[in-house]
2 protein chains.
Amino acid sequence: MAMKIKDIAKVAGVSTATVSNVINGNHNKVSEETIKRVMQIVEENDYNPSATARSLARKESKIIGVVMPNLAPDEPFSISPYYTQILAMLEKYVRTKGYYLMVRSVGKCAEIVPVFSTWNVDGMIILGAFRDEVPELEDKLKKVPTVYIDTYASDLNIANIGIDDYKGGYLAARYLMGKGHREIAFVGPNVDSPGVIKQRFKGFSDALAEKNIQITADNIFESLTMFEQGVEAGRKVAFSKKKFTAVVSMSDILAFGVMEGLKLSGLKVPDDISVIGFDNLPECRYSNPQLTTVSQNLEKKAHDAGDALFRMIESKEMISVNEIVDVEIVERQSVREVYN
Amino acid sequence: MAMKIKDIAKVAGVSTATVSNVINGNHNKVSEETIKRVMQIVEENDYNPSATARSLARKESKIIGVVMPNLAPDEPFSISPYYTQILAMLEKYVRTKGYYLMVRSVGKCAEIVPVFSTWNVDGMIILGAFRDEVPELEDKLKKVPTVYIDTYASDLNIANIGIDDYKGGYLAARYLMGKGHREIAFVGPNVDSPGVIKQRFKGFSDALAEKNIQITADNIFESLTMFEQGVEAGRKVAFSKKKFTAVVSMSDILAFGVMEGLKLSGLKVPDDISVIGFDNLPECRYSNPQLTTVSQNLEKKAHDAGDALFRMIESKEMISVNEIVDVEIVERQSVREVYN
DNA sequence: ATAAATAAGTTAACCGTTAAACCTAATAAG
DNA sequence: CTTATTAGGTTTAACGGTTAACTTATTTAT
């Protein structure tokens, strides 16, 4: 059985309070002598204070709760690399601060947030929540520093790190038009429900409208954002009545699927049709053709989210930020110029 | 401030013990009447018992600690998709059991294991530990159910879920030889240090030896397992004195890099040179050519690890398993037949 | 020489639950 | 009719720390 603070105190011939003071660095309360002695006993016995007990007494935990969306609840690979990538970066960030990550992926956040609270988490990061669930969440998590990533809710006075989704859609369209494309398909989740996709679509269609290109329902291929669904969407694009010269896809993984679907339908990318993705995952460099995409700068998002969160934790007050990380086109090989 | 058990007890006019009994389902100790009343008050006040206090009292936590190797400590994307993939699957597994995951990636496991212990984790999963660190670990984690994934230590009486690495290397070589290849490069971490790579290399070279093909130092390209290092290795393979017709790579991500490096050196895959990977990540389907690889069946590994872990947790006894998940070649497009 | 301040502790309450031991009235058994 | 048993609780001591308040001996200031 592992040693407890009482045991250390007994061996050292001091009270538990003294031991507590030395291991917590309240060294003004205790003599050099005693510090040395206690420390040595701690080392010798490989004593680690119970994080649970400490957390109970201090009402803090050095743990950060992360809730991730579970994109397709029953699939084995249902968590997008986009989110696992961010998770890895967040883990790195909190690690440098001496914190731990508690992770849960789930359909609805509202169930999990209260559980994190019961663990006295010092902060929470919520990935990809919908705007509409935010009010309920805010109600439940009262007083726990929280930062959202990718929640489109600028009106809500929360701390959110997102991108300029409108600009992302806009840039993609401009880029493609700059390469001479005019018949462009849009592949992604429903463009009407409020959220990031709606914004992106708005930017996309506004850019086209500026050049007098009208978007109709035929241009839109509604699809979830994983590979298989992309394959399906790619096929539909290939066999559509409209002859598209380019497609913009709402995630890179989806774009990989689209490229595969196009290929299976006999079209070569980018020779016959161009594809642009969204996210700029490391995977973009593995694909062939390498995927041209709208970059989200994941690293900056994760880092800024960490910064915002710890600013709140350290200052002990809720701050509301609405940070917009810049987006840009990363040119690779999946888009070619077209001449009319 | 959130309600505590005392508050609920006061409102219900019962003792905290009774409240505790109803929320924990010890219903034989309390009347139907009281159960109803307490439950209602619990609901009305949205009461959630403190996980921290409960954990302290019960000496258990419903949390599973996961330690992941940090492949290249200072790189932003330093955690391989191989591990994040497994992490996502493990999260799913434990979620169905009502457990939470606490995650830490770190260079050396020995520091993190004791910390998990102080959280009263009910179990731990350790990914990719080296055999040599196991004894120290076992010493530190005394009594916490633990399962290792990918630790080659069949002699050590621990619970490990791995694959038949020897067979993996053997199969890769056989497969390539079956396609007519005789000059095969091996790209991966050091083949001498004890561990999975050594085993794979043994299988690889044994298979070749069976056909009287000798492996020399020229065939081996030592490399870490991420993309960038693969690019470098691919270049070296391309410009080596020996003319290789195929390369086996110790991870898929590495193989993507190798393909890129070969391409940058003017070689086409698979026309000029074939490449076979190891892992069978979802990404293999995104690459072009799609990567032929040795499949690890990640899903089964994660699932079996979960099974083993919860078998230990539920039976409250340490069991030692040394499970070998089967490997197989998954044929895609990165290897072609060659005629001598 | 005396009061005030400081150094180096100790004591004990508290953090929020659990669970073993104890209690009491009502029912069942003999 | 007396004794066991049971149903339905309550009391209280853990669980393993932290920390505010208190103590005591020694310096420092006046």
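- Annotation: of the two residues near DNA chain D, B/Arg37 and B/Lys59, the 5′-most nearest-nucleotide partner is B/Arg37.
- OP1 and OP2 of D/dC15 both lie 4.0 Å or more from every side-chain N or O belonging to A/Ser50.
- Surrounding CG of B/Asn157 are at most 12 heavy atoms belonging to other residues, nucleotides or ligands under 6.0 Å away.
- Each of B/Lys29 and B/Arg58 was matched to the nucleotide of DNA chain C holding its nearest heavy atom; the match closer to the 5' end belongs to B/Arg58.
- The side chain of A/Ser20 sits closest to D/dT18 out of D/dT18, C/dT10, D/dG16.
- Listed nucleotides: C/dG16, C/dT18, D/dG17. Nearest to the side chain of B/Lys4: C/dG16.
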(message) Can you give me the dot-bracket string for DNA chain C, 5' to 3', counting Watson-Crick and G-U wobble pairs with both distances under 3.5 Å, using [ ] for crossing pairs and | for partners on another strand?
(response) ||||||||||||||||||||||||||||||
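- The side chain of B/Arg54 lies closest to C/dT18, out of C/dT18, D/dT18, C/dA19.
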(request) Take A/Arg37 and A/Glu33 through the salt bridge (charged side-chain N to carboxylate O under 4.0 Å, His left out) test and state the conclusion after the steps. (result) CA-CA 6 Å; A/Arg37 186 156 35 91; A/Glu33 266 286 299; 5.1 Å; no
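- Between the side chains of B/Arg131 and B/Thr151, no donor N or O sits under 3.5 Å from an acceptor N or O.
- For B/Ser31, taking side-chain heavy atoms from C-beta onward, the closest of the listed nucleotides D/dG17, C/dA19, D/dG8 is D/dG8.
- B/Glu133 places a side-chain N or O within donor-acceptor distance of the main-chain N or O of B/Phe130, the cut-off being under 3.5 Å.
- Toward the 5' end of DNA chain D, the nearer of the two residues B/Val30 and A/Thr52, judged by each one's closest nucleotide, is B/Val30.
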